[in-house]
Amino acid sequence: MCGICGFSGNFQRDLLSRMNAAIAHRGPDGDGIMHRPESGVGLGNRRLSIIDLSDTGAQPMWDATSSVCIVYNGELYNFKELRSQLKAQGITFRGTSDTEVIVNLYMCRGAAMLEALNGIFAIAIYDARTQEILLARDRFGVKPLYYAVLPQAVLFASEIKAILECPTVPRQLDPQALLSHLTYLWSPAPQTILQSVRKLEPGCAMRLRQGRVVESWRYFTLPVGRTKPVSRDDAVAEVRESLRTAVHRQMVADVPIGAFLSGGVDSSAVVAFAREVSLGRLQCFTIDIGSKDAAADGITPDLPYARAMARHLDVDLHVVNALPDIAQGLEQMIYYMDEPQADPAALNVMLICQLARQQGLKVLLSGAAGDDLFSGYRRHRALKLEKFWSWLPQSLRSTLALAATAVPARPASLRRLGKAFRYADLDGDKRIASYFYWLAPELARSLFTPGFRGTSGPDPVDTALAEMPSAAAPIERMLALECRYFLADHNLAYTDKMSMACGVETRVPFLDNDLADLAFSLPMDIKQLGSTEKWVLKKAMEGILPAESIYRPKTGFGVPLRSWLNGPLREVVDDVLSERVLRERGIFEPQAVARLVAADRAGSIDASYPLLSIMCIELWCRIFLDGRAPRLNSLHAISEAAAA
């Protein structure tokens, strides 16, 4: 687990050093550089040592013949099996790292080796025989990889801030990405907030040669619309054993491993199976958001469930208190995130990982992706319930959508009801995409000044839906969007960035290759049975977890943002979104934003997260365009441990 950077082009070694320094937080245990000016190639690495802590695991790493050099960020969970296969072919190894396995696998299979990797990774391999660099990212995008194509060079790195160490990288903002941040709260790959910097999409690879991208391709495509018939009993048994195998597989490390524990079925299942093979008493972590504000926002607090689960599983639980003062960490969040993602759940991750690192842990297991694979979000149920009203004629659906705009944003039950029907007039894929909206695209576009209202291209979400098999059911299409964009560009993005900011690796057992393939193959009536979301997963955990935890109310890994923005953080909102600040920046229309703030405070619209998005965009510009140093290390005062 590390941070990587590099280039193909005519740059000096000093740029590599600066790029490496910019991501030092990702790898506090060591660093290395490989620079071949005669070939116009440079690779850099920051090391977080987890497997093979000796020098034989250091990077950049060459193969035994000095033909191939790798820098690699991630963990390969099937490296022992692959290592055995390679040894059977007569290949010898100097150390025990998974990095050395990838190098030798590439020597044997070339880029085709990507299909054999079961893990999380961003890889850069320089092949001296062809003078090419291979870049690749794991199937689901757990590990990030950015690149910038300049006239005579290509730069790449785990984080945008490393690429921006090159002064010739253009800083023009991408209007389409800005619109996405207000519409979705995240920017779908390949776009980023900068026109010049792109994300390598999950499951994709590219080759660089002499400062150019010479080939790019997708080596893994989500298996949408490929469900297979299976009995419910068989599905339950397969899910239970596949998840157990995935968790056990991801417990490989030469350092202690802990886990996130919310008390929900996903994280609890991971902890239950991790405990079976943990070498010591498993250390788990959760967040306390405060019951009063949580209730006002319609959030069910995790803490009572997490404590009950810790007692049931006999693990240690450490609790982090999240307070409204968390706003002091917004600059820190944006700096490490690289992108203006408006979800304070990212700060929850940082708080937990800070505490975990203080406890001596470098690795945490997460229950992320359980909802995305097995259908656990409210929008999945809402889509299923469309059958009861979608047959209405267009005129009545339009009336229903118009009426929904008048539904007040408070209390939470009315807010959710209004959101369910706000886009009832849309059809097909447009309707599916609307479930991910935080603001209607038209309303979001109206907040920008004329220079930013245009778009730089089609919305990747619309494009992805259009590319899916026409026979795929609406819920299958929605789950594919969850995995391709919401998961990769939102949940996994902030989890990686905020945990690595603390020198902690987060692993995601639900995205094990075999388990994910199984999840995609299951019919939807096994994932959603009656009114029960994630039915097959919940059924699989019966007898292992208590029923009250399996079938507890759904909640998110967030904070009561709506209550905070209209209460203790009100002055912060007024300052960052003031007319003077917005007019000087020139991205947003001050009067339009002021109307949105007023409507949100009046309760006529739920715009807390889009307003936070505007704030985050302003903070991003201050840090990455204006060069203002962010306030870092401001969160430690609100972090504390408490035994269950």
Original post:
Would Glu618 and Arg585 satisfy salt bridge (charged side-chain N to carboxylate O under 4.0 Å, His left out), going step by step from the backbone distance to the final call?
Top reply: CA-CA 8 Å; Glu618 167 60 24; Arg585 184 64 60 192; 3.0 Å; yes
Original post:
Any chance the rings of Phe121 and Tyr72 have centres within less than 6.0 Å?
Top reply: no
Original post:
When rounded to the nearest 0.5 angstrom, what distance separates CG in Leu303 from CD1 in Ile287?
Top reply: 10.0 Å
Original post:
Do Phe7 and Phe156 have ring centroids that are under 6.0 Å from one another?
Top reply: no
Original post:
Looking at Arg431 and Asp425, does any basic side-chain N land under 4.0 Å from a carboxylate oxygen?
Top reply: no
**OP:** Evaluate the ring planes of Tyr437 and Tyr423, with Trp represented by its six-membered ring, and classify them as parallel (under 30°), tilted (30 to 60°) or perpendicular (over 60°).
**Re:** perpendicular
Original post:
Less than 4.0 Å between a side-chain N and a carboxylate O, is that true for Arg47 and Asp31?
Top reply: no
Subject >> Polar side-chain atom of Arg357 near backbone of Gly503 as donor-acceptor pair, under 3.5 Å >> reply: yes
Original post:
Does NZ or CZ of Lys161 fall inside the cone over Tyr335's six-membered ring, less than 6.0 Å from its centre and within 45° of the axis?
Top reply: yes
Original post:
Under a 4.5 Å cut-off applied to non-hydrogen side-chain atoms, are Met350 and Gln332 in contact?
Top reply: yes
Original post:
When rounded to the nearest 0.5 angstrom, what distance separates CZ in Arg601 from CG in Leu596?
Top reply: 11.0 Å
Original post:
Side-chain contact, heavy-atom cut-off 4.5 Å: Ile587 with Leu173?
Top reply: yes
**OP:** Output the distance between atom NE2 (His25) and atom CZ (Arg46), rounded to the nearest 0.5 Å.
**Re:** 10.0 Å
Subject >> Derivation of the side chain to side chain donor-acceptor pair (under 3.5 Å) call for His181 and Gln341 >> reply: CA-CA 7 Å; His181 277 289; Gln341 284 186 230; over 6 Å; no
Subject >> Which atom of Gly3 lies closest to which atom of Ile23, heavy atoms considered >> reply: C-CD1, 3.7 Å
**OP:** Assess whether atom CG of Asp574 is packed by more than 12 heavy atoms of other residues, nucleotides or ligands within 6.0 Å.
**Re:** yes
**OP:** Please examine the side chains of Ser17 and Ile33, heavy atoms only from C-beta on, and report whether any two atoms are closer than 4.5 Å.
**Re:** yes
Original post:
In terms of side-chain geometry, is the basic nitrogen of Asp174 or Arg198 positioned less than 4.0 Å from the acidic oxygen of its partner?
Top reply: yes
Original post:
With the threshold set at 4.0 Å, does a side-chain nitrogen-carboxylate oxygen contact exist between Glu159 and Arg26?
Top reply: yes
Subject >> Sidechain N-carboxylate O distance under 4.0 Å for Arg484, Glu201 >> reply: yes
Original post:
Any Lys/Arg nitrogen of Asp600 or Arg562 sitting under 4.0 Å from an Asp/Glu carboxylate oxygen of the other?
Top reply: no
Original post:
Which value, rounded to the nearest 0.5 Å, describes the distance between Gln176 atom CD and Thr192 atom OG1?
Top reply: 12.5 Å
Subject >> Flag side-chain contact, heavy atom, 4.5 Å: Asp429 against Asp462 >> reply: no
Original post:
Any side-chain heavy-atom pair from Pro188 and Ser180 closer than 4.5 angstrom?
Top reply: yes
Original post:
Going from CZ on Arg171 to SG on Cys621, what distance comes out if it is rounded to the nearest 0.5 angstrom?
Top reply: 12.5 Å
Original post:
Minimum heavy-atom separation for Ala404 to Arg422, with atom names?
Top reply: O-NH2, 3.3 Å
**OP:** Please lay out, stage by stage, how His380 and Glu482 fare under the test side chain to side chain donor-acceptor pair (under 3.5 Å).
**Re:** CA-CA 10 Å; His380 303 157; Glu482 299 280 2; 2.8 Å; yes
Original post:
Is Arg379 positioned over the aromatic face of Phe486, cation under 6.0 angstrom from the ring centre and no more than 45 degrees off axis?
Top reply: yes
Original post:
With distance as the sole test, does His35 use its side chain to make a donor-acceptor pair with the main-chain N or O of Gly44 at under 3.5 Å?
Top reply: no
Original post:
Hey, does the side chain of Ser366 reach the backbone of Val508 with a donor-acceptor pair shorter than 3.5 angstrom?
Top reply: no
Original post:
Should Tyr146 and Pro144 count as side-chain neighbours, where that means a heavy-atom distance under 4.5 Å?
Top reply: yes
Original post:
Say you draw a straight line from CD1 of Ile614 to CG of Leu619; how long is it, rounded to the nearest 0.5 Å?
Top reply: 12.0 Å
**OP:** Take Glu339 and Tyr494 through the test side chain to side chain donor-acceptor pair (under 3.5 Å) and record every step on the way to the result.
**Re:** CA-CA 9 Å; Glu339 298 190 66; Tyr494 75 64; over 6 Å; no
Original post:
Do Leu582 and Ser578 have side chains that get closer than 4.5 Å, going by heavy atoms?
Top reply: no
**OP:** Taking the side chain as every heavy atom from C-beta outward, state whether Leu577 and Leu611 have any pair of such atoms under 4.5 Å apart.
**Re:** yes
Original post:
Below 4.0 angstrom, N of the basic side chain to O of the carboxylate: do Lys497 and Asp343 qualify?
Top reply: no
